[in-house]
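Per chain, numbering begins at 1; letters A, B, ... match sequence-line order. The structure displayed is predicted, hence computed values, not measured ones. The basis for the numbers below is simple: all heavy atoms, side chains too, and nothing from hydrogens, waters or symmetry mates.
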Amino acid sequence: MANIRQDIHDALSCIKNGHTVMVGGFGLVGAPLTLIDGLTKKDVKDLTIISNNLGESGKGLGILLNQNKIKKAIGSYFTSNRDVGEKYQKGEIELQLLPQGTLAESMRAGGAGIGGYYTTTGVGTQLAEGKEEREINGIKYIFEPAIRADVALIRAYKADRLGNLSYYKTARNFNPVMATAANMVIVEVDEIVEPGELSPEEIITPHLYVDYIVEAQQVLTKEGVVNK
Amino acid sequence: MANIRQDIHDALSCIKNGHTVMVGGFGLVGAPLTLIDGLTKKDVKDLTIISNNLGESGKGLGILLNQNKIKKAIGSYFTSNRDVGEKYQKGEIELQLLPQGTLAESMRAGGAGIGGYYTTTGVGTQLAEGKEEREINGIKYIFEPAIRADVALIRAYKADRLGNLSYYKTARNFNPVMATAANMVIVEVDEIVEPGELSPEEIITPHLYVDYIVEAQQVLTKEGVVNK
Amino acid sequence: MSTREKTIVDKKEIQHLIAKRAAKELEGPCIVNLGIGIPTLVAEYIHDENVFLHTENGLLGVTDVEEQDMDPNLVNAGKLPVGEAIGASYFNSADSFAMIRGGHIDVAILGVLQVDQTGVIANWAVPGKNIMGVGGAMDLLVGAKKVILAMTHTNKDGSRKILKECTYPITSTRSVDKIITELAIFEVVNKTLRLVELMPGVTIEEVREKTEADFIDSLGDV
Amino acid sequence: MSTREKTIVDKKEIQHLIAKRAAKELEGPCIVNLGIGIPTLVAEYIHDENVFLHTENGLLGVTDVEEQDMDPNLVNAGKLPVGEAIGASYFNSADSFAMIRGGHIDVAILGVLQVDQTGVIANWAVPGKNIMGVGGAMDLLVGAKKVILAMTHTNKDGSRKILKECTYPITSTRSVDKIITELAIFEVVNKTLRLVELMPGVTIEEVREKTEADFIDSLGDV
């Protein structure tokens with residue numbers, strides 16, 4: 001069951017130096033903009049960020065990057081932020097690149113108690129270097145270990161007071177998977193409703209996955225990110 | 001995209017001798033009763049059935065069992081049908097028992113292109129005999145291979161004409177997972193509706209997983225299985 | 001009342017006694033999975049609205065259901081009719097076991113055939129009989145944060161179930177955390193049984209007599 | 001019109017020529033995933049209502065969207081605004097890639113940096129530059145039943161992209177099935193390129209000149 005927090009700083013208090021933090025979103029779509037903003041205002045360092053992208057230059061996780069709070073990033077597409085390359089060249093950040101499907105599947109494994117699994121994605125490519133290869137029924141696979149985090153920061157559409165979550169269109173993406181794979185799950189939502197207002201069919205993330213809920217203060221509009 | 005079939009026999013024509021067939025349901029709840037009935041009327045043998053249970057004595061898959069059409073069964077709980085034990089004693093059926101979570105997860109792996117995975121379930125027990133054990137981050141796991149089938153027979157609540165499926169309460173169970181893990185997926189539904197009548201939130205199985213749809217002729221009621 | 005009828009009433013009373021005591025272990029907020037048999041009865045004694053019941057066939061938010069509201073397609077893992085709580089949600093078997101195996105269930109209350117003095121249990125197979133059912137037992141054992149046994153102290157024939165070593169195939173190498181019977185309550189600490197409570201009117205001598213396993217008397221401990 | 005403007009118009013025209021031709025390959029019912037770049041333009045030329053577009057960020061049933069209906073939270077894999085078709089559904093990233101990797105996508109149309117004469121492609125990294133993005137490219141290569149390339153025949157500077165061997169890191173050991181450029185169409189059969197079609201007004205000599213890879217002239221074949 002989830003706790004509702006008014007204060008963003010308070011909600012983020014479980015994040016410590018050196019923590020691994022999953023951050024939802026595909027680009028800015030479905031990204032927990034309010035929580036990311038809170039993280040940029042928090043005194044914390046040496047984070048490992050697991051997220052498909054690292055925001056854009058000077059936006060979202062891009063701010064955190066420029067604040068040198070990120071020690072390592074695990075994702076599939078850092079290209080969307082040109083600052084990442086510069087930091088990487090200077091040796092200021094460690095990067096682990098995974099195919100997007102492997103990134104998502106490894107999180108699911110982490111949330112489902114699976115130690116690791118075999119995928120065909122990446123076999124024979126540079127991203128398979130150093131990974132165990134195994135043939136199963138005549139097909140070549142590589143081993144991928146599960147991924148978990150200390151904290152997941154995600155965004156949903158609506159939450160009921162129990163912590164059940166629904167999502168909005170393609171703003172769903174990595175969020176439900178990350179909700180399963182972290183020790184502490186903090187969600188920002190557009191709206192908090194009473195239990196029963198979300199139909200069982202709408203509930204994508206059951207409340208057993210959710211620890212803290214905050215109301216979103218920043219939203220993505222056609223004009224970009226704006227304060228609510 | 002799915003094809004709608006009026007004739008059950010026609011819908012089942014892709015099932016051949018020696019095929020592996022997944023059958024949805026948890027007991028009779030969510031079981032494709034009409035399709036199972038069709039299978040009992042079809043001239044076919046040496047089937048491998050993957051299903052949590054093998055029906056009850058003389059009911060559902062239990063009829064197929066008594067017709068000696070099942071060569072092997074893979075499931076988690078055959079105890080619900082006392083006939084299974086007798087057949088097994090006589091050497092008339094081969095059984096593969098898996099923990100229910102492993103059964104479900106192996107199907108998901110089969111549907112997701114995963115060759116196999118490591119689980120802690122079963123480690124150190126009789127069901128781990130002959131299975132590869134591996135330590136990952138200090139925890140012992142066993143390897144479980146993915147499971148796939150030639151055909152999946154499942155039950156859903158509503159289907160739209162494209163083949164999108166919704167499910168009814170706990171009649172969901174193994175059905176959506178099986179829909180992903182077979183070469184041919186045949187669904188029986190209570191109702192066929194027009195595209196757009198199921199909201200995107202209600203659609204649990206997107207139509208890319210569905211091949212054939214039939215209307216259910218048998219339904220589970222408080223009084224047992226009745227013809228519609 | 002015939003002796004047989006009396007025995008049935010006694011048996012039922014004992015089961016409810018155990019279930020009622022087991023329910024006391026549940027303090028919300030928590031997510032609980034109840035096994036088949038006595039554990040299912042525990043639901044009747046839960047009055048904390050922040051105790052949420054998960055059933056592995058795909059429902060979080062299990063409640064009781066009145067006879068007239070029973071729905072044949074809404075059942076628990078024991079295939080018994082149940083109701084859905086406000087805020088309930090449904091999910092498929094793979095997602096349900098991902099919750100169990102991924103460590104998202106706080107407490108599992110299970111029945112057993114045998115438990116040994118290190119807390120390791122056997123609850124899915126009997127040697128000499130066909131081994132045909134395991135269900136979700138092994139998954140719950142590896143996944144639930146806390147496992148509580150709700151069991152009769154002995155078998156119907158009086159033979160003991162809390163043993164030095166299980167003679168039936170074990171369900172997991174993981175030890176359970178607590179054992180609740182109609183006679184006593186044991187905690188399992190560092191693979192050792194500690195007797196922490198006697199049920200009303202029960203003596204430690206009776207417990208000793210009906211328990212094969214070694215245990216530490218921790219009744220006096222605070 | 002300046003030379004630069006003219007070049008941009010030409011470039012756009014060429015891209016649309018390729019996209020339009022690629023769209024002809026799609027016969028419903030089929031599930032199609034369109035990559036970033038020229039492949040995204042293919043959507044404009046699909047008129048078969050049984051061609052369903054999947055985007056890996058979690059939508060089956062992608063359509064065009066009018067400017068006034070654009071929703072910042074409804075985008076495709078290229079983060080461009082899209083619409084939802086009747087009968088569309090949404091799913092999370094793990095489920096979406098389970099569709100891709102599990103073999104449930106019929107056709108993927110992709111762009112590339114290089115393709116070799118066995119149909120193996122390179123489309124995610126350039127040596128000497130930071131390797132920072134792979135996205136879903138490797139997943140689509142191993143998972144889609146059929147892979148079609150929609151690409152310009154040469155680079156902006158005129159250098160060739162259909163090579164004897166890729167000099168950039170490969171995306172997968174799997175060969176694509178078809179290559180569509182503004183000049184020609186190749187099929188990949190048994191790891192060999194077969195020229196099966198010339199685009200209007202193009203000669204085989206021009207194709208030979210702009211293609212480093214060996215290929216078989218199959219223009220005469222039925």
Side-chain angles (χ1 to χ4, degrees), chain B residues 24 26-30 52-54 75-81 84-86 88-89 95 97-109 111 119-128 140 157 167-178 180 204-205 219-225, chain C residues 36 55-59 62 67-84 88-103 120-122 124-127 129-143 168-174:
Chain B
F26 183 79
L28 297 176
V29 177
N52 191 54
N53 319 75
L54 272 184
S76 93
Y77 203 74
F78 301 121
T79 325
S80 59
N81 183 349
V84 180
E86 280 175 37
Y88 182 67
Q89 282 298 339
L95 297 180
L97 192 66
L98 291 174
Q100 198 175 147
T102 297
L103 180 65
E105 186 66 31
S106 296
M107 289 176 195
R108 185 192 171 280
T119 177
T120 52
T121 297
V123 169
T125 74
Q126 209 170 301
L127 291 189
K140 280 184 189 168
Y157 180 35
Y167 296 90
Y168 183 83
K169 300 187 187 283
T170 51
R172 186 183 300 192
N173 57 65
F174 286 91
N175 290 299
V177 193
M178 288 178 173
T180 70
I204 299 301
T205 297
V219 288
L220 182 64
T221 68
K222 278 190 198 185
E223 288 70 39
V225 176
Chain C
I36 298 173
T55 183
E56 61 259 40
N57 54 317
L59 166 60
V62 179
E67 175 78 32
Q68 71 272 15
D69 296 327
M70 282 182 188
D71 180 334
N73 285 302
L74 179 46
V75 300
N76 65 15
K79 299 185 183 103
L80 300 171
V82 294
E84 62 178 18
S89 56
Y90 296 99
F91 27 84
N92 70 45
S93 300
D95 287 344
S96 185
F97 280 93
M99 291 173 189
I100 293 172
R101 293 149 61 119
V120 166
I121 71 164
W124 67 284
V126 177
K129 291 198 180 174
N130 296 319
I131 294 184
M132 297 203 311
V134 60
M138 291 187 179
D139 304 295
L140 283 161
L141 253 294
V142 301
Y168 296 173
I170 63 169
T171 307
S172 169
T173 55
R174 178 244 176 103

(message) How long is the straight-line distance from CZ of B:R108 back to CG of C:N92, given to the nearest 0.5 Å?
(response) 9.5 Å
(message) I'd like to know whether C:V134 forms a side chain to side chain contact (heavy atoms under 4.5 Å, CB included) with B:L127, so could you lay out the CA-CA distance, the side-chain angles of the two residues, the decisive distance to 0.1 Å, and finally the verdict.
(response) CA-CA 10 Å; C:V134 60; B:L127 291 189; 4.0 Å; yes
(message) Please rank B:N173, B:L103, B:N52 by heavy-atom pairs under 4.5 Å with chain C and give me the top one.
(response) B:N173
(message) Please classify the contact between C:S89 and chain B as side chain, backbone, both or neither, with a heavy-atom cut-off of under 4.5 Å.
(response) neither
(message) I need the minimum non-hydrogen distance between C:M132 and B:N81, along with the two atoms involved.
(response) CE-O, 4.5 Å
(request) Show the numbers, then the answer: is there a side chain to side chain donor-acceptor pair (under 3.5 Å) between C:D71 and B:Y168? (result) CA-CA 11 Å; C:D71 180 334; B:Y168 183 83; 2.3 Å; yes
(message) Looking only at heavy atoms and a cut-off of under 4.5 Å, which of C:I170, C:T55, C:N73 has the most pairs with chain B?
(response) C:N73
(request) Select one option (side chain, backbone, both, neither) describing which atoms of C:I100 are under 4.5 Å from chain B's heavy atoms. (result) neither
(request) Could you tell me which portion of B:F174 (side chain, backbone, both or neither) has an atom closer than 4.5 angstrom to a non-hydrogen atom of chain C? (result) both
(message) Given heavy-atom pairs under 4.5 angstrom as the criterion, report whether the side chain, backbone, both or neither of B:S106 touches chain C.
(response) neither
(message) On a heavy-atom basis, which atom in C:G135 and which in B:Y77 lie closest, and how many Å separate them?
(response) N-CD1, 3.9 Å
(message) For B:F26 and C:E56: C-alpha separation, side-chain torsions, deciding distance, then whether side chain to side chain contact (heavy atoms under 4.5 Å, CB included) applies.
(response) CA-CA 10 Å; B:F26 183 79; C:E56 61 259 40; 5.5 Å; no
(request) Counting only heavy atoms closer than 4.5 Å, note whether C:S172 contacts chain B via side chain, backbone, both or neither. (result) backbone
(message) As an exercise: rank B:G27, B:S76, B:S80 by heavy-atom pairs under 4.5 Å with chain C and give me the winner.
(response) B:S76
(request) Evaluate side chain to side chain donor-acceptor pair (under 3.5 Å) for B:Q89 paired with C:N130, printing each intermediate quantity in order. (result) CA-CA 8 Å; B:Q89 282 298 339; C:N130 296 319; 2.5 Å; yes
(message) Which heavy atom of C:E67 sits nearest to which heavy atom of B:K222, and what is that distance?
(response) O-NZ, 3.3 Å
(request) Run the numbers on C:F97 and B:T119 for side chain to side chain contact (heavy atoms under 4.5 Å, CB included), then give the verdict. (result) CA-CA 12 Å; C:F97 280 93; B:T119 177; over 6 Å; no
(request) Dump the intermediate steps for side chain to side chain contact (heavy atoms under 4.5 Å, CB included) on B:N53 and C:K79, then the final yes or no. (result) CA-CA 12 Å; B:N53 319 75; C:K79 299 185 183 103; 3.2 Å; yes
(message) At a heavy-atom distance under 4.5 Å, which candidate from C:R174, C:M70, C:M138 has the highest pair count against chain B?
(response) C:M138
(request) Taking all heavy atoms of C:T171 and all of B:T125, pick out the closest pair and write down the distance. (result) O-CG2, 3.3 Å
(request) Output yes when a side-chain donor or acceptor of C:D139 lies under 3.5 Å from a complementary backbone atom of B:G101, and no otherwise. (result) yes
(message) To the nearest 0.5 Å, what is the distance between CG on C:L59 and CZ on B:R172?
(response) 10.5 Å
(request) Answer with side chain, backbone, both or neither: which region of C:D95 has an atom nearer than 4.5 Å to a non-hydrogen atom of chain B? (result) neither
(message) Please classify the contact between B:L98 and chain C as side chain, backbone, both or neither, with a heavy-atom cut-off of under 4.5 Å.
(response) backbone
(message) Give me the atom names and distance for the closest heavy-atom approach of C:A94 to B:V177.
(response) CB-CG2, 3.8 Å
(message) Looking at C:G58, is its backbone amide N or carbonyl O close enough to the side chain of B:T170 to form a donor-acceptor pair, meaning the two atoms are under 3.5 Å apart?
(response) no
(request) With a 4.5 angstrom heavy-atom cut-off, could you sort out which part of B:L220 is near chain C: side chain, backbone, both or neither? (result) both
